[in-house]
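Heads up: the structure comes next, in structure tokens.
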Amino acid sequence: MNVFSKIIFTIFVIQMNSYAFAESSSTDEISKYRELLADGNPAELWEMRGEELWKKKIAPKNVSLEQCDLGKGAGVVKGAYVELPRYFSDVNKVMDLEQRLVYCRKTLQGLSHEQAVKVPFGSVGNSSDIEALVAYITSESRGMKMNVSNKHPLEKDSYEIGKRFFFYRAGTHDFSCATCHSANKKRIRLQELPNLLNKLDAQKTYTTWPAYRVSQGEVRSMQHRLSDCLRQQRFPEPVYASDSMTALIMFLAKNADGGVYDAPALKR
Amino acid sequence: MKKMLMGLLVSIIITGCATAAIKTDYGQTMLTLLKSEFISKGPATVERVLSQDEVQKICSKYPVERPEKMAALIQDSQMKTVKYPSDGIYIGDWKNGEKIAQNGRGFQSSDPLGGVNGGNCYACHNITKSEISYGNIGPSLYNYVKAHGSSEQVIKYTWAKIYNSQAYTDCSSMPRFGHSGILDEQQIKDVMALLLDPASPVNQ
Amino acid sequence: MNQSRRDILRMTSVLGLGLVGNLFGSLNVFGAEWMPKSFDAKNLADALKELGVDKYTVSSDVAVVSAEIAENGAVVPVSVSSVIPNTEYMAILVEKNPSPLSAAFNIPEGTEASVTTRVKMGGTSNVYAVVKADGKWFLASKEIKVTLGGCGG
Amino acid sequence: MADPMRIRAVLNGDKVEVKVLIRHDMETGLRKDQAGEIIPPHFIKTLIAQYEGKTVLDAVMGISVSKDPFLHFKFKGGVKGGKLNVTWVDNLGDTRTDSAIIS
């Protein structure tokens, strides 16, 4: 190697090193940022409000949600979320948490469908009762293992439909869920993308939703997470708490089986 | 409609259990749900996502790998879609190219109809030294000219790659920017400049 | 609240003396008075002037603790702390924000001179901790980079 | 009506560690809504924390404190079972007081 190419080579090595360094120190600092934020999660405020709403009697029937059957019997909240979505014999279909909540608000509390799905996602000055209820209910499964059933044929169907949805490439940008979520260690900008086909990633992701999103100042549910993915995927808007979303959630939840539930969490 | 479908589903399963002959067509059920449970909003329409082209169909069915024949079919058919610049000029303004690379808007349900689309290149690629917030789904494009040169062949390849990525890589994650009408000819020229202009920060 | 009481409270807050507050007994339930001129100041120099910071020392006994990169400027965790004895007042200022002063704290005796909160940052900026101890002012700063979010925007 | 705060006060050695979470929009008055109208400012201006009547932290805040504010501080002199009150007042005169028992 002559002197000239040696110099070039050295410069190249230094540059590559500083590059690698810049990248790893950026991600280190971002992990530090997340750690600092984890201390004091505003989602707790949603959990508190959700618990009040769960127990609050409201018109027209003047009953609370305390008799709502989330799958483990009327009124059982503890551990309900880690077994959802699931088959419900009273409606003969598979429901996720939010679909079930809508059902309980309609049948138990007597709300119309419009009332029951009103403000599914909150915004400034327009907070969502649903997000608060979801925060409360999910918090009651913290520390438990994901244990989603696929024994019932309809549960299996829901999973398979969700799987087809996950791989469905369409629209102007040719995106599917899989475009961003089927390879390890990928990032969009600096945001890490979980590989939802990889057990550990799928568990880590599913068990940390819902979450307080610092970018939005709200607790966001799984339905919101999926809606926002679909928006960026250049897909039209899914109807809130619909069967297709339940199917997709079923696919993701089942892939996360065995993961220890740890939400509402806090995310960017 | 939905109820009917679910009813149908149930009956299929019941008969399926009995005869083990009829299997639920999950893909078809998914499409029916997509049609009935999604609402067009802004530039993101139900019709658009329901009308998959052949490429999208194959890539949905074979997300990871596909038979060689299909791969070749995709690449050949997509290469034929590439339209090179009408005036023979490939390189525009790298400063506009940088703006396009930074902009992630266009065709989302939250975007306006007829708005200016971005390329969102930084979402997946390292491009310039000054932007530290870049993704890694695609390869680094920093020092593009140093890595690839700037021969006519490279220029044409780069154009075609941006215009229709699947001309070279079947089922690439990269959108087919020209073919799908995301970026117009001038915008592609500007992105080309970002990669190939010696004055662009990519090559500094 | 009448003007004279407001003035007294403003004075106590500028002086930052818990003791003065105690002299007024029941008054201290109202806490520190909000200082419009300090909060409205449009640059760091003006904000410091309005806070009454005339002379100051850059001190390693004062610290701004945060991550060097914030994923989102809407919520940036910031701790300010001081090991200077008799620290009685601490303020957080974000230099490049439209109004740099973010928050200020009176630190009564017995309270540790270390407070953590979260601030909004319009973009990458120096964040300052301004501390008053024994009537003297001390400063420290740290640059915090604010990055973009994910795809689409 | 303002939502309740979440206050945690834990005795650790000779210091009480306090964490306060507040549900508040902390609107800057600089943002526009979807219709292009300025969203009026709405933010907490003052906050005071008192242990058995004695002030342990006294804060003033501007528009750049984050939405759903969080405060973390420590003070000496508290005992288990003692009561900590936190009160905030915002620019529209809305106010809220909540308390926590030191554990």
Side-chain angles (χ1 to χ4, degrees), chain A residues 21-43 45 123-124 171-175 177 179-181 186-194 205 211-220 225 227-235 237 265-268, chain C residues 62-83 90-99 102-105 107 111-129 140-153:
Chain A
F21 174 74
E23 193 167 319
S24 73
S25 75
S26 297
T27 39
D28 282 356
E29 286 299 323
I30 284 180
S31 335
K32 188 175 167 192
Y33 169 83
R34 290 182 191 153
E35 273 168 37
L36 289 173
L37 274 185
D39 182 28
N41 184 351
L45 300 164
S123 55
V124 168
T172 53
H173 284 56
D174 300 323
F175 290 154
C177 305
T179 308
C180 287
H181 296 289
K186 293 296 179 192
R187 292 192 331 251
I188 278 190
R189 293 274 188 170
L190 288 179
Q191 179 65 24
E192 283 148 21
L193 299 164
T205 306
Y212 180 87
R213 297 287 307 267
V214 297
S215 53
Q216 301 172 23
E218 301 282 347
V219 166
R220 294 309 192 191
R225 174 61 276 175
S227 285
D228 206 47
C229 273
L230 289 161
R231 179 183 68 83
Q232 295 177 65
Q233 209 178 307
R234 274 71 187 175
F235 271 46
E237 259 187 3
L266 186 135
K267 290 175 193 268
R268 112 197 136 83
Chain C
V62 175
V64 179
V65 179
S66 179
E68 272 164 37
I69 300 175
E71 218 170 355
N72 196 300
V75 186
V76 184
V78 175
S79 299
V80 290
S81 60
S82 157
V83 291
M90 300 198 297
I92 303 174
L93 296 99
V94 181
E95 185 174 7
K96 299 255 173 76
N97 273 1
S99 313
S102 192
F105 308 93
I107 309 294
T111 295
E112 198 172 286
S114 171
V115 178
T116 301
T117 187
R118 294 167 183 168
V119 300
K120 295 172 196 153
M121 292 179 65
T124 298
S125 170
N126 283 320
V127 174
Y128 284 83
S141 72
K142 181 188 175 79
E143 190 191 43
I144 302 176
K145 292 191 181 80
V146 174
T147 69
L148 279 174
C151 92

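Residue numbers start from 1 in every chain, and the chains themselves are labelled A, B, ... in the order their sequence lines are given, proteins ahead of strands. Here the structure is a predicted model, which is why all the values come from computation and not from measurement.
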Hey, could you give me the [atom1]/[atom2] distance between [X] and [Y], rounded to the nearest 0.5 Å?
X: A:Asp28; Y: C:Ile69; atom1: CG; atom2: CD1; result: 9.0 Å
X: C:Asn72; Y: A:Lys267; atom1: CG; atom2: NZ; result: 14.5 Å
X: C:Ile144; Y: A:Glu29; atom1: CD1; atom2: CD; result: 10.0 Å

Sidechain-backbone polar pair: A:Lys32 side chain, C:Glu68 backbone, donor-acceptor under 3.5 Å: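 No, because the side chain of A:Lys32 does not come within donor-acceptor range (under 3.5 Å) of the backbone of C:Glu68.
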Which residue out of A:Ile30, A:Leu36, A:Leu37, A:Val214 racks up the most heavy-atom pairs below 4.5 Å with chain C?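 Of the options given, most contacts go to A:Leu37.
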Run the salt bridge (Lys or Arg N to Asp or Glu O under 4.0 Å) test against C:Arg118 and tell me which residues pass, sequence neighbours left out.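 Expected list: none.
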Worked check of side chain to side chain contact (heavy atoms under 4.5 Å, CB included) between A:Gln191 and C:Glu71: CA-CA 9 Å; A:Gln191 179 65 24; C:Glu71 218 170 355; 3.3 Å; yes
